[in-house]
Amino acid sequence: MHIQTRNLKKEDYPDLKEAMIEVYSGIGGDYWEKSKINKLLSLFPEGQFCVEVDGKVVACALAILIKYDNFGDNHTYAEITGNYTFKTHDEDGDYLYGIEVFVHPDFRDLRLGRRLYDARKELSEQLNLKGILAGGRIPNYNKFADELSPREYIAKVKQKEIYDPTLTFQLSNDFHVKKVLRGYLPGDSESKEYATLLEWNNIYYVDEKHKKPHTDSIIRLGVVQWQMRPFRNLQAFFDQVEFFVNAVSDYRADFLLLPEFFNTPLMADFNGLPEPVAIRKLADYTELVRQKLSEFAISYNVNIVGGSMPLVEDGKLYNVAYLCRRDGSWEEYRKIHITPNEVRHYGMVGGNEIRVFDTDCGKIGIVICYDVEFPELSRILGSQGMQILFVPFLTDTQNGYTRVRHCAQARAIENECYVAISGCVGNLPRVQNMDINYAQSAVFTPSDFQFPTNAVKAEATPNTELMIIADVDLSLLKELHEYGSVQVVKDRRTDLYDVAVKKPARKALKKKSPREDDPEMVPPVIVVAN
């Protein structure tokens with residue numbers, strides 16, 4: 001047996017007519033006239049599909065393009081087809097409207113309808129349509145009309161308590177019921193003239209009017225595993241930072257991620273002071289470093305998630321990460337969950353804002369080290385549309401690193417997003433409370449067929465200065481949300497529980513930074529994951 005799905009042709013009409021007569025013999029035997037089929041083929045040939053079995057057409061799907069706003073949720077079959085003239089077909093339409101699907105009764109055990117629907121979905125993606133709409137008959141409704149309303153009938157079909165040959169098939173092909181249509185197809189006694197308005201959403205649709213300059217679904221991440229080392233002066237520190245920025249720029253990365261407290265080597269000059277005083281002296285450099293990161297982001301055309309640095313504001317000490325965009329704007333995130341060590345040694349306090357950041361590569365979240373061990377925080381970011389979570393961290397022992405790593409992996413799975421973690425390695429013997437560091441930076445993925453079997457996109461060699469270059473595909477997240485083996489985000493029982501922000505977020509801070517020339521670089525070790 002040879003089966004082929006292809007576009008319908010005019011010469012297929014004899015087979016088509018034979019199949020239609022068999023399909024509709026129980027409801028009057030009506031079939032599409034040859035002139036109507038030819039009209040559809042002249043208007044929209046790429047939208048008419050058939051399945052050929054051993055050289056004979058036995059299944060067909062017909063469709064037109066419409067601008068759905070011209071019709072809305074209340075329409076009849078005659079209205080949507082222009083009283084069967086198809087003058088409603090619009091080459092600039094935003095939806096594919098299915099006007100016919102049928103399979104010859106002798107071939108229904110071959111699941112040919114699914115092939116036709118897959119062809120429609122592929123066409124919708126190619127044409128960048130919002131989705132597919134169709135008015136679906138509910139042919140078994142007449143058996144239950146005396147005891148069930150259309151809404152109750154549809155609910156029971158969804159729960160598989162009732163089988164309906166049309167609706168059950170549509171639901172199994174990722175369609176959802178948008179509305180119940182009354183009087184949709186006059187004379188359809190089996191459906192009592194009711195129909196379901198069915199919709200399939202194209203998750204790859206891009207609104208051309210509002211799309212952002214960066215439209216690729218592949219996002220390249222550069223993750224730095226930073227070696228703690230003494231620097232002779234501030235310029236030497238900037239030279240090392242710029243080397244990494246330059247390196248990821250050479251790979252055309254979209255993001256660079258630095259670790260938590262990557263600037264603490266600068267605290268060596270204050271080692272004779274008490275720890276709370278020393279870190280506040282380090283905070284005097286923060287604005288200068290932030291300005292330099294903004295300049296690098298512009299000049300090297302890469303978005304920089306600038307690890308984290310101490311910040312003093314109104315006498316309070318915060319742990320702050322900066323997002324420096326390549327368009328010159330910047331924003332900040334303040335670590336919310338402060339470790340006992342940070343409180344005891346530095347008197348640090350937590351921030352109060354939980355939100356995602358818009359970038360030219362999608363929505364991102366930032367949490368710092370200990371934050372990632374609190375699933376509620378990432379869950380809130382996930383509910384705000386986060387696609388990539390960046391986690392700068394600093395851990396002294398392997399135990400601490402293990403907590404960060406496994407919690408970060410959990411956040412990727414439960415929020416169906418990518419998570420990148422970046423840590424510091426090496427020793428700083430002249431800086432109190434920062435003397436040893438352990439890290440293995442990595443990029444984690446959700447765990448399903450679209451992703452690596454161990455849910456690790458890339459990972460660094462432990463305790464070695466290097467840089468990871470890894471590509472993540474945002475379109476795979478869309479597929480996971482809609483068609484994943486499990487759908488963690490969708491299947492949350494929000495009727496029983498929820499996670500919400502109690503304190504309103506303060507207004508975001510955005511500024512611009514100037515450009516600056518490039519200093520000398522130092523070569524790294526680079527791990528590339530494709």
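Values below: every heavy atom of this structure, side chains too, minus hydrogens, waters and symmetry copies.
Nearest heavy atom pair, residue K335 against residue C369, reads NZ-CB, 4.0 Å.
Heavy-atom contacts from other residues, nucleotides or ligands closer than 6.0 Å to CZ of R252 number 12 or fewer.
Side-chain rings of Y97 and Y68 stay apart, their centers remaining 6.0 Å or farther from each other. The ring of Y117 has its center closer than 6.0 angstrom to the ring center of F175.
The residues K67 and D94 are annotated as not salt-bridged, no charged nitrogen and carboxylate oxygen being separated by less than 4.0 angstrom. Looking at D358 and K363, a side-chain N of the basic residue comes within less than 4.0 Å of a carboxylate O on the acidic one, giving a salt bridge. The pair K316-D314 fails the salt-bridge criterion, with no side-chain N (NZ, NE, NH1 or NH2) lying under 4.0 Å from an Asp/Glu carboxylate O. Ion pair R220/D254 not flagged as a salt bridge, since none of the NZ, NE, NH1 or NH2 atoms sits closer than 4.0 Å to an Asp/Glu carboxylate oxygen. Look at K457 and D471 and you find no salt bridge, because none of the NZ, NE, NH1 or NH2 atoms lies under 4.0 Å from a carboxylate O. Using a cutoff of 4.0 Å between basic side-chain nitrogens and carboxylate oxygens, E332 and R334 are scored as salt-bridged.
Within the 3.5 Å criterion, the main-chain N or O of E414 finds a donor-acceptor partner in the side chain of R379.
A donor atom on one side chain and an acceptor atom on the other are found under 3.5 Å apart for E342 and T339. Side-chain contact, D473 with S217: a donor N or O sits under 3.5 Å from an acceptor N or O.
A ring-ring contact (aromatic ring centres under 6.0 Å, His included) with W330 holds for exactly one of F357, F296, Y322; it is Y322.
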Evaluate ring-ring contact (aromatic ring centres under 6.0 Å, His included) for F393 paired with Y401, printing each intermediate quantity in order. CA-CA 9 Å; F393 72 92; Y401 168 73; 5.8 Å; yes
Take R492 and D498 through the salt bridge (charged side-chain N to carboxylate O under 4.0 Å, His left out) test and state the conclusion after the steps. CA-CA 9 Å; R492 293 174 61 222; D498 209 347; 3.2 Å; yes
